[in-house]
Structure formats: structure tokens, C-alpha cells
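The structure appears right after this line, and notes come after that.
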Amino acid sequence: MMAGGISEKNGEAALGGHVSSHGGSTDDIALTGAKGTEGETTRAQSPLDLEKADTQVAPAKRSLDNDPYKSLSEREAKVIKDQVLTPDVKVGIATLYRYASRNDLIIMVVSAICAIASGAALPLMTVIFGNLQGTFQGYFLNTITYDDFVGELSRLVLYFVYLAIGEFITTYIATVGFIYTGEHVSAKIREHYLESCMRQNIGFFDKIGAGEVTTRITADTNLIQEGISEKVGLTLAAVATFVAAFVIGFISFWKLTLILLSTVVALVLCMGGGSTFIVKYSKLNIGAYAEGGSLAEEVISSIRNAVAFGTQDRLAKQYDSHLVRAEFFGFKVKAALGMMVGCMMTILYLNYGLAFWMGSRFLVDGDVPLNKILIVMMSVMIGAFNLGNVAPNLQAFTTALGAAAKIYNTIDRVSPIDPSSDEGGKLENVEGTIRLEGIKHIYPSRPEVVVMEDVTLTIPAGKTTALVGASGSGKSTIVGLVERFYTPIEGKVFLDGVDTATLNLRWLRQQISLVSQEPTLFGTTILENIRHGLIGTKWENESPEKQEELIYEAARKANAHDFVSGLPEGYQTNVGERGFLLSGGQKQRIAIARAIVSDPKILLLDEATSALDTKSEGVVQAALEVAAAGRTTITIAHRLSTIKDAHNIVVMSQGRIVEQGTHDELLAKRGAYFNLVTAQAIAAVGKMTAEEEEALDKEEERLLIKKASTQNKQQYTEDPDDDIAAKLDRSTTQKSASSMALAGRKSETPVKYGLWTLIKLIASFNKKEWKLMVIGLCFSVICGGGNPTQAVFFAKLISSLSVPVNDATIPQIQKDASFWSLMYLMLAIVQFIAFSVQGVLFAKCSERLVHRVRDMAFRSMLRQDVEFFDRDENSAGALTSFLSTETTQVAGLSGVTLGTLIMVSTTLVSACTVALALGWKLALVCIATMPIVIGCGFFRFYMLAHYQRRGKRAYAGSASYASEAITAIRTVASLTREKDVLEHYQRSLAIQQRDSLKSVLKSSVLYAASQSFMFLAFALGFWYGGTLIAKHEYSMFQFFVVFSSVIFGAQSAGSVFSFAPDMGKAAEASRELKTLFDRKPLIDTWSTDGEKLEAVEGTIEFRDVHFRYPTRPEQPVLRGLNLSIAPGQYVALVGASGCGKSTTIALLERFYDPLAGGIFVDGKEISSLKINDYRSFIALVSQEPTLYQGTIRDNILLGAPNEVTDEQISFACREANIYDFILSLPDGFNTLVGSKGALLSGGQKQRIAIARALVRDPKILLLDEATSALDSESEHVVQAALDKAAKGRTTIAVAHRLSTIQKADIIYVFDQGRIVEQGTHSDLMKKNGRYAELVNLQSLEKTG
């Protein structure tokens, strides 16, 4: 017996297998089967030994992972490995571009040439600039005439215009070209990737999970696209600029260029040093926050636990401790960034100083004219600063290579079961006899569990064969093997006597139709969904009319035609993604229509009705019987009533066939089938018929309406939408009942907040730091003043160096040069201090802000009621990512942004003031160009960011289509829809490429303009300035002060914007935060209203309680529940799943309030009590024990509402049967449990959870299926602990395994949200009703 074998290795290995269980059927064998002989022996020993048996878990798991295949023979291991292994592919640049067409390559070469040209144009500007200065100087020294001067001026100014045009054209071509090829190549990669996924066998997806495939097709292809699009062009341009600048420098005057190379070294050191710091600390910062984030995720995903134990505050403190560390490192990151910017500014000014000082010495020696000094100085600066643009873009490229490696691994994987291949034979005509011979099967994702062992079975043509048995007995596996989703380890599957492995796979699947338990519909119309069934059949290319005829016929057979025709859009109704707009029964009937539309020879029904309610089940069952007539049909059923008429019934247990025959033959045998049938027959006794259910709904309706109207003092009228609802095949009653009940509850309307409110909200988080902020803003003003000051120095130096050099003037020239160069040094020091101080101060403020916002956001989340977390948009993942991303974006509206704005405005105001004071005419002309110059600086960065965002957005639609197909890969495979999916995907990619090409052609105009209009501003300034100089209105000093302060000021102002965080995102994020902070839940854990509770006896009463979950108002859960429990009683709630047992517990914890009726504890209604007081008397042990990261001791302490002594802790642990186990660990109570308690076994975790519940010494103990997830060994220990814990308390236990609650004082049996029977175990067994039936059912599953 295999399961016993596993449990000998280790009690938990079986569990490990269970958790990753594939698709539909859960393998309970691993759990129930483990009650082998070995279980019996251990049971006799003391509990302590049992716990020792439980201690080896973590290491055992590890050793299993090393070689999961070690229990198999080599041949078996090979069959399994073939189905899951993926070879590694090395990716170089050539591989990255292997899907580029010839046109792509041509476009890339042209774009590369343009990119290089556009990069080289920047330093050319310096030559024109220098020559213009030379012309001015000549005119002042009277070496050229007025006419020559004007002619030379126009020539040089025109050069600026030509440069602008050239820059515009080359930039435009390079950007568009690289983005186009990047999109084209990455689209090709996307196509090949999806195509390859469609080819893979199902085992491959079991192993990696559809989620990972989806991430690859969305995130990783985006990374590739980013790496090979415009960034390639930017890198080439930056390199070209650097090279061209130094070439020009060395040609103009090599000595000075060599000396100024030191600037490059300084910049590289500054950036390199700064970025190593930044990278190091941001890693630590991300790490610290990731720990906090994973704690937040743990807490939010087990929110009921946190709410029940009232631990929100302590968990928030724990979260805060991670935030403190994250803030510390984050401050270092931002401070380092501020210092780095300061350093760069310093180097800039030092470069000016050095160039002029050295230049003046060369000038005096007569080695070089002034204009050459200017050319060298400016080129070196442009070149050096462009070096900084290379690194980030190269990084994007290497990231792209990394992402491509993962994708190419899948693209190049050869699938062992490939539906796209044309190999294999096809049979001329198919009868449909299927035969399994000597099958042994192991799922590739769980190589340690043998699912089927030596099964031989014949399924005759044209007849119905039914498979029955406990879950995990191997029924669904047969379907998977017939469809050839998997290759069996041993044995063969024959169709009409031919081995299916030799047949063509696509053809084989076209002969078979599958209706599974959870029908998957695709996000298109009903008509299209049914048409998918025609793919690959002889009707695939028929006229649409003929196809529609077939579709309507199939829908009639499937009992779906009437409800579809009743929909407003009929067959053109879109079913929504995965069909979520239809009810279960409707989806199932469409799936049946899809299965029979092609008139398949073989029909597989995998529990096709098990997920439906009684009303739909009858309808669907009727449809199936029509569909199965005259075909080979394999039916898997849980409900035996549905398969009485089958020609052959096969009973399976633990992967073997136990018996087979017709219904009557098997009943006569009185074997396993007989037991199953008798058990289910009893089940039918307590069941309501559809009519009774209808009557009950009506009754509930009346009550709710009455309640709602008394509450709201107004009568409700019938809802006018209801006739549509009736057509939609929902009873009118259901719709309005829920609307009545929920109409009393106000829906949340989103509030619109103004920008001012948001700024006030953010400011309130930084209130304590206002002094720092003020100092920071003062320093920002100093930073802003740097530019105009440097313009004055620049002009002074030029005018003092442009006097004629002779013995009389040399001393003065040297004196002036030295003085102004030292002024540059001083300016550099001041700017360094100012930038660093404001950088550090704002870093402090913004990190404080993010810390406080996160803390507050987390606390606000924990304040919400459970209903908030039930909503789809508030899943643990969504809320956790909100905590990590939205909160950091808020910093965009904080001090940093303010500082940036002040810096920019100081620069602009002071520049204009200086310019207007010294030369108003030229100043006005230059100021007129300011918007253009600033715009250029801003748009350059804005457009680059825009390209990135657009790339991500554009492919979201097609990515979700691809992921929908991959998530439903079994359905796609069984319908042989692979080609269809691909064509659809290619079409949507092509449309997106066309659209995005249009948008890139438009948006690149802006980008190219931002690169080139700068030169036009220069041209205008020089031309007008030159004209004024020609008339001797302005001196050289005036011209250069005005020109450089305004134009360079505007330039630096524009580029500063690039450092500013995104303000739009910040406003959006703060809006969401404000909404969260202001949301007041119905059941508010922060509220202090309500009656204080001093002590609790433990009397509990439910009086006519009606309830529906707020997220599923159409589904009644409790319909008039009445229960009463005396103090100190041990009460058990039992019933089928979904009958309202766990809901009762949730209502007792007051996670929700009932819609009608009341819950009373000691005669007081619980909604009138102070919520935290009330909850402190209750303890909850749930099915999945939740432990948080930290030590065992921390986890136990979370249960205690106030301080507890060590004695109390150890007492609780003894009661929970875990004390000895904890002491046996090397660190005792200080042992770390790992994230979500991963280092402990299920039984150990559950006992710690019990200790946590007992530490608070509760008056009422709630046990929600506390042992259902454990194997039999652990269950035993935990059950003993629970029995101990229940003494002297009111205990309410929900149980699936009835053996665990036989000793209960009273047992309540639930059905459809009411109580149908109550009494002790023996009373109920005598009654022979619902309870007896449940007991028999369970004993059968065990013996089976």
C-alpha cells in the first residue's frame, strides 16, 4: 500500500505531496491512507514519542527535493523527467535578435547611423559657440570690419539652424527605427513563446504553474522590449557624443583637453562611488521592506486570525519594526543621491575654474586663442556628462538578455507530447472502443506518489461507462490518460485496438470531447464559445450559417438554447473572462453544447454536475443523458444517482479497480459500491426538493423585506429589473431578496478629494519635521542661485581674457583670471554644501513620510472588517503591493518636490533679474525663448518615461488573452484550439503594433524637437546679441552675462525636472490613501462604543439568523438558524460543505453582522457589546493554522490580550500537547518558525495555534475543522490536545471527520443553512437520518 510507505519515510512527506496537488482531484489517499499498520503501533506509545516522530520535518523535506525520482526505476524516471525538464539555453546578442527579419536589420543599421550622428551633433555646437566668441572679440579689437562681422555672424548662426534640422531628423529616425524594431522583435518572441507553450505537455504546466508562464509573457517580454528599443539608440548617441567631444577637444588644443580629462575621472569616481553606495543601501532597504511586506502579506492573508485574537496593534508594531530599518537604509540611499548630485555640480564649477585658470596661462604664453579655450572647456563638459547616460541603458540591455534566457528555454523545449506535430497515424473510421492495459501512472509534478497501479479496463464502443470511488482514487487520471495529457509510466492506452501513442495527437483529441468539473469558457461570445467545439472537425470551414445551425442544435440538446435566447443579446452575449458573468449551471450547459457540437465519437464527463446546486443539476443531468446517447461515454460521478443507468460501473480505490458491473449486479455483490449507494441513499432523505427550497426562499424574502422596511421606514417595491432576471434563469425572488437585505446597507460611493486636501494630508505626516523642511528650502534657494552667479563669473572671465595680449596687459589678465577662477572654486564649495544639506534634509523628511504613511496604511487596513478583505480587489497580493508601491509614490508630493520647484523658480527669477538689469533688450529676446528651452529639458525626460509606460500598457490586452489561454491549457488542449489561440494572439499583436507605430510616429516628433530646438534658441540669442554688439550698444561682458544666465539657466531648470518624482502618480496614490484612511467599517475594531463586558458565562443563542456573504448576495447561506448552547457544553456542528457551519463561527466572532435575526451571548446581543472586549473572551482555532514569522514564543504570546507569565505560557503548551516538543528543539521557545510557519509540520503548527488560543484562557472556544488538514498521526495528537482544551469551556467545533466529535454533548446537523437534526451521537444514530448517513459515508471512504 503506497500511502503507508510514504508515511513511514515521514509523516509529512505525504502532506507535502498533497499540498501541490494537481488540477481537480485532491489526493486524500496520502492522508486517509496513512492509517496503515505503522500508524497503529505508534498510537500505542506515549504522545511524547509521537511528537518526536514529528520533529524531523524540515530536513526530511529537503532531502526529498534533491532527488524526487530516487524511488523510481531509471526508465520510469526518464518518462517523468521528459514531461517536466527544460534544457537551458545560452543567450547572446545574436540569439536575442534571432527573430529579426532582413527589413528589421536594415532599419536597425540606418537607425544606428542616425543615432551616432545625432550624438555627434551636440559637441559640434561648441565649435560654433567658440568661433562666435572669436568673431566678437575680433570686432572689438577692430581686426575685422563691420561688414565682415555681420557676414561671419550670419554664417555661424545659420550653422546653428542647420544643426537643429540635422539633429531633429536623425533623432526622429533613430527613435522611431529602434522602437519599431524593438516592438517587432519582441512581438515575434511573444508569438514564438505562446506557440511553444501551446505545444508543451500538461505535465510541464503542472510543474511550473500557469502563473509563471503568464509572468513570462507579460513581464519578461516587456523587459526584452525595453532593452532592445529606444535605449539602444540612446546608448549609441551617448557614446558618440563622448567620442566626438574629445576628438574636437584634442583637435582644438590637446594640452588643455588632457588636463581637463581629470573632470571625466572625477565624474566617473563621483557617479561610481555614489552609485555603489546607493545600490548597497537600496538592496538593504528593499530587503528590510521585503521582510515587512511578507509580514504584511501573512497578516492580511490570514486576517480572520488577526481580527479574532485582536492582535492588530501588536502585528502593526511588528510591521513597524521592519519599517524603522527600511527608513534607516532608505535615508542613506536618498542622502547618498543628494550628495552625488552635489558632487556633480561641484565638478561642473571646478571644471570651469580649472579651464579658465589653465587657459589664461596658455593664452598669456601665446599658445592658444580664447575661442579655442572655450571650445575645449565646453566639449569636455558635454562629453563627460554624457558618459553618465551609458550605464543605465546598458543595464536595461543586460536585463533583457537575462529575461530572454528564461523565455528561450521554453521556446526551445521539445515537448514529449506535442499537439502541433503532424506525426502519427489517423484511423479511417472510429468505433470508439477504448482499452487501458496494465497502466501505472505517476504525476510528473509529484514523482513520489503513485496514482494508478496495474489498471486494465475495457470501455466498449457506444456505451456509457461510469467511474466511481473516493476522491483521489484515480478516476480523473483515466480521463487524463485517454486525452493523452500525460504519458503513463507503464502500460498502454488503445483506441480500437491501436496504441494511442502511435496516433496523431491532434486528430485523437478531435475524436474526444471533454466536459470537466469546472467548465472553462473563454472571454468571447456564447456563439464563439460553442464554435470552439468545431475546430479541427469537418465542419470547421463550413459557411457561418451551417455552423450556426449546428450550434443551435447542440445548444438545444444541452438544454441551453432557451436561456441563451432569453438573454438580451442572445448568442452574441459576451461571457466575460473565464465566463464569470454566467451562473455555474449556465456555464456547464454551454460547455456541454461545445462538447457535443462536433458529434464526437467519445465523450468524457469529469464530474460534470458536481459543482452545481440541486436546481441546475437536474437540468444539466438531463442534457448529459441526451448527449451521451450512442457514443462511447466515460462518466465520473460523485453522486451515484446520476449513473444508475450506465452500462458498466467501475469502482476504483487508491489507484486500483475494486469491482465492476451494472448497477444491479454490483448491488447484489454487497461490496464497495453497495456501501457507497446505501450511504448516499440516506443522504437523499434529509435533502430538500427544489420546490421546498423555492418555498423557503419566498419565506426568507418576506422576512427580510419586513425587516428592511421596518428599519428604513419605507416600503420597497418590486425591482423593475426582475423580468430580465427571470429570463436570466434566476428566480425573481432570489434577486430581490438579496437586494432587499443589502439595500439597507449603504454602498460606498467614492469621494472626490481636491488637490489641497491631499497636500494637507501629506503635510500632516511631516508636521514634526517642519523645521528641517524650512532649512532645506533655504538651501534650495542657494542651489537655485548658482546658475546666474556662474553666468556673471563666466562673462567676467571672457571679457577680461579677450583684451589684446601684450606686456602691459598680462599682469592684469593673470590677476583677473586667478581671482575669478578662485571665485569658481568658492561657488563650487558653496553649491556642494547647499546641495548636500538640502539632499540630506529632504531625504530624512521623505523617508519619515513614507514610514508614517505605510504604518498608518497598514493599521487602517487591519481596522477594516472581514467583508473588506472578501472583495476581489482587496486580495492579500493587491493590498501588499499597495503598501509597497503606492506609499512610496506619495513622496512625490512631499518636501523634495517642493525643494525642486523652489530651486527652479529661484534659478529662473534670479537669471531674469540679472539679465534685465544688465541688458534689457537682449534679455527680453532670450526670455522669450525660455519656455522652449525649459520645455526641451522637460519633454526629453518625459518622453523617455512615456515610451516605457506605453510599451507596458500596449501589450496588457494581448497578455491577458494569452494568460487566459494558458490558465485554461487543459481546455485548449482538449478542444485542439492551439492554432486558433495563436492566430487570435497574432492578430491582436499586429493590431497593437500598428497602433503603437502610429503613436510612436507622433510622440517621437516631440522627442526629436526637444533634442533640437535648443540650437534654435542659441541661434536667436547669438544673432540678436551680435546685432546689438555690431552697433556698439552692448559690451562683450553684457552679452555673455545675459545670454548665459538666461539660456543656461533655463537649460538647467528643464533638466532638474527629471529628478523630480512623478507628481501625477503621487496625487493618485494619496487619493487612494485618503480613501483608505477615511473608510469606516461597519464592524470597527477601533471603536470604543458598546457595552463593556466584564465576564462571560458562555450561554450562546442564535435567534432566527439569516445571512448572506456581502460579496455573494445572491447566495443564501443561513436561512433562519436557531441554536442554543449552554455554558460549558461541547457542541459539534456537522453537515455537507457549504451548509453554513463555518459561517456560524464567523458570525459568532462577529466578522459579519447577520442580515436578520440576532446572536446573543449571556442574553446580550453581540452587536451591542464593545467589540474588542467581546472578542477577548473567545478563541478561534481554524483549519489552516496561521503562524507569523518570529519565534514560537512570539506566536503564542499573540493570543494573550495582556501580559502573561512564563508559567501561563508553559501551562498552555502542556495543555496543547506541545510543551515537550518545544523543549526538545535546540532553541526551545526561541525557535524561529519561518515565514507562515514553514519550518514546522502541520500537526506542530496546529498545536502551537491551540496553545495560542489557550493562553488567553477563553470562555468560548471555537474550533473550525481544526484537524481536517492533518494526516492521521498528527491528527491523533492534535485531537487529544483539543479534547483537553475543551474542558470547562463552552466549545463549538465544526468537523468534517465525524470520528472526532462523537463525544460531543450535543450535535447539530446543518443543511442548506438550517438545522435539520440535533442530539447526541447515539440518539442521532438511532434516528438513522442525515447524521447517520454522514457517518456511514465517512466510514466507507476509509474502508474503500
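Values below: all heavy atoms of this structure, side chains included; hydrogens, waters and symmetry mates excluded.
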Quiz item: Do Phe246 and Phe242 have ring centroids that are under 6.0 Å from one another?
Solution: yes

Quiz item: Just wondering, are more than 12 heavy atoms of other shown residues or ligands nearer than 6.0 Å to CZ in Phe1048?
Solution: yes

Practice problem: Give a yes or no on this: more than 12 heavy atoms of other residues, nucleotides or ligands lie within 6.0 Å of atom CZ of Phe253. | Solution: yes

Quiz item: Can you tell me how far CD1 of Ile347 sits from SG of Cys270, rounded to the nearest 0.5 angstrom?
Solution: 4.5 Å

Self-check item: Any Phe168 side-chain heavy atom under 4.5 Å of Gln1011 side chain
Solution: no

Quiz item: Tell me, do Tyr352 and Met381 make a side-chain contact under 4.5 Å, heavy atoms counted?
Solution: yes

Practice problem: Please report the C-alpha distance between Asn371 and Gln137 in whole Å, then the side-chain angles of each, then the deciding distance to 0.1 Å, and finally whether the side chain to side chain contact (heavy atoms under 4.5 Å, CB included) criterion is met. | Solution: CA-CA 9 Å; Asn371 62 345; Gln137 191 176 347; 5.8 Å; no

Quiz item: Under a 4.5 Å cut-off applied to non-hydrogen side-chain atoms, are Phe129 and Ile375 in contact?
Solution: no

Quiz item: Can Phe136 and Phe1039 be said to form a ring pair (Phe, Tyr, Trp, His ring centres under 6.0 Å), step by step?
Solution: CA-CA 10 Å; Phe136 287 175; Phe1039 169 78; 5.1 Å; yes

Self-check item: Heavy-atom side-chain proximity of Leu122 to Phe1015 below 4.5 angstrom
Solution: yes

Quiz item: Do you know the tightest heavy-atom contact between Ala120 and Ala240?
Solution: N-CB, 4.1 Å

Practice problem: Check step by step if side chain to side chain contact (heavy atoms under 4.5 Å, CB included) holds for Ser884 and Tyr289. | Solution: CA-CA 8 Å; Ser884 61; Tyr289 185 67; 3.3 Å; yes

Exercise. Could you walk me through whether Asn787 and Thr907 pass side-chain hydrogen bond (donor to acceptor under 3.5 Å, both in side chains), step by step?
Key: CA-CA 6 Å; Asn787 235 310; Thr907 302; 5.5 Å; no

Exercise. Evaluate the side-chain hydrogen bond (donor to acceptor under 3.5 Å, both in side chains) criterion for residues Glu230 and Thr175: first the C-alpha distance (whole Å), next the side-chain angles of each, then the deciding distance (0.1 Å), finally the verdict.
Key: CA-CA 6 Å; Glu230 76 277 359; Thr175 316; over 6 Å; no

Quiz item: Considering only heavy atoms from C-beta outward, does the side chain of Lys280 approach that of Lys332 to under 4.5 Å?
Solution: no

Self-check item: Exceeds 12 heavy-atom contacts within 6.0 angstrom, atom CE of Met339
Solution: no

Quiz prompt | Closest approach of Gly249 to Val376 (non-hydrogen atoms, all atoms of both residues) | solution = O-CG2, 3.8 Å

Self-check item: Donor on one side chain, acceptor on other, Thr181 and Asp104, under 3.5 Å
Solution: no

Quiz item: Does some side-chain heavy atom of Phe397 sit less than 4.5 Å from a side-chain heavy atom of Lys231?
Solution: no

Quiz item: Counting N and O atoms only, with roles assigned by atom type, does the side chain of Thr241 sit under 3.5 Å from a partner on the main chain of Gly119, one being a donor and the other an acceptor?
Solution: yes

Quiz prompt | Arg98 NZ/CZ over Tyr408 ring centroid, <6.0 Å and within 45° of normal | solution = yes

Self-check item: Interatomic distance, Leu801 atom CG to Leu370 atom CG [nearest 0.5 angstrom]
Solution: 5.5 Å

Quiz item: Under 6.0 Å from the CG atom of Leu105, do we count more than 12 heavy atoms belonging to anything else shown?
Solution: yes

Quiz item: Any side-chain heavy atom of Leu261 within less than 4.5 Å of one from Val264?
Solution: yes

Practice problem: Evaluate the criterion side chain to side chain contact (heavy atoms under 4.5 Å, CB included) for residue pair Tyr159 and Leu124; output intermediate values, then yes/no. | Solution: CA-CA 10 Å; Tyr159 277 153; Leu124 282 176; over 6 Å; no

Quiz item: Are side-chain heavy atoms of Glu769 and Lys844 found at a separation under 4.5 Å?
Solution: no

Quiz prompt | Aromatic contact, Phe1043 with Phe1022 (centres under 6.0 Å) | solution = yes

Quiz item: What closest approach, in Å, do Thr170 and Ala117 show between heavy atoms, and which atom pair accounts for it?
Solution: CG2-CB, 3.9 Å

Quiz item: What's the shortest heavy-atom distance between Ile278 and Ala336, and which atoms?
Solution: CG1-CB, 3.9 Å

Exercise. Can you see which heavy atom on Ala164 is nearest to which on Ser1012, and at what distance?
Key: O-CB, 3.2 Å

Exercise. Looking only at non-hydrogen atoms, find the nearest pair between Ser118 and Glu167 and report the distance.
Key: O-OE1, 2.9 Å

Exercise. To the nearest 0.5 angstrom, please state how far the CG atom of Leu363 sits from the NZ atom of Lys372.
Key: 12.5 Å

Quiz item: Which distance, rounded to the nearest 0.5 Å, do you find between the CD1 of Ile189 and the OG1 of Thr221?
Solution: 8.5 Å

Quiz item: Got a donor-acceptor contact below 3.5 angstrom from the Ser229 side chain to the Glu226 backbone?
Solution: no

Quiz item: Roughly how far, to the nearest 0.5 Å, is CG of Leu267 from CG of Asn386?
Solution: 11.0 Å

Quiz item: If you round to the nearest 0.5 Å, how far is SG of Cys778 from CG of Leu841?
Solution: 10.0 Å

Exercise. Using the side chain to side chain contact (heavy atoms under 4.5 Å, CB included) rule, take Val333 and Leu337 through it: C-alpha gap first, then chi angles, then the decisive distance, then the call.
Key: CA-CA 6 Å; Val333 171; Leu337 189 66; 5.7 Å; no

Quiz item: Hey, are Tyr824 and Gln790 close enough side-chain-wise for a donor-acceptor pair under 3.5 Å?
Solution: yes

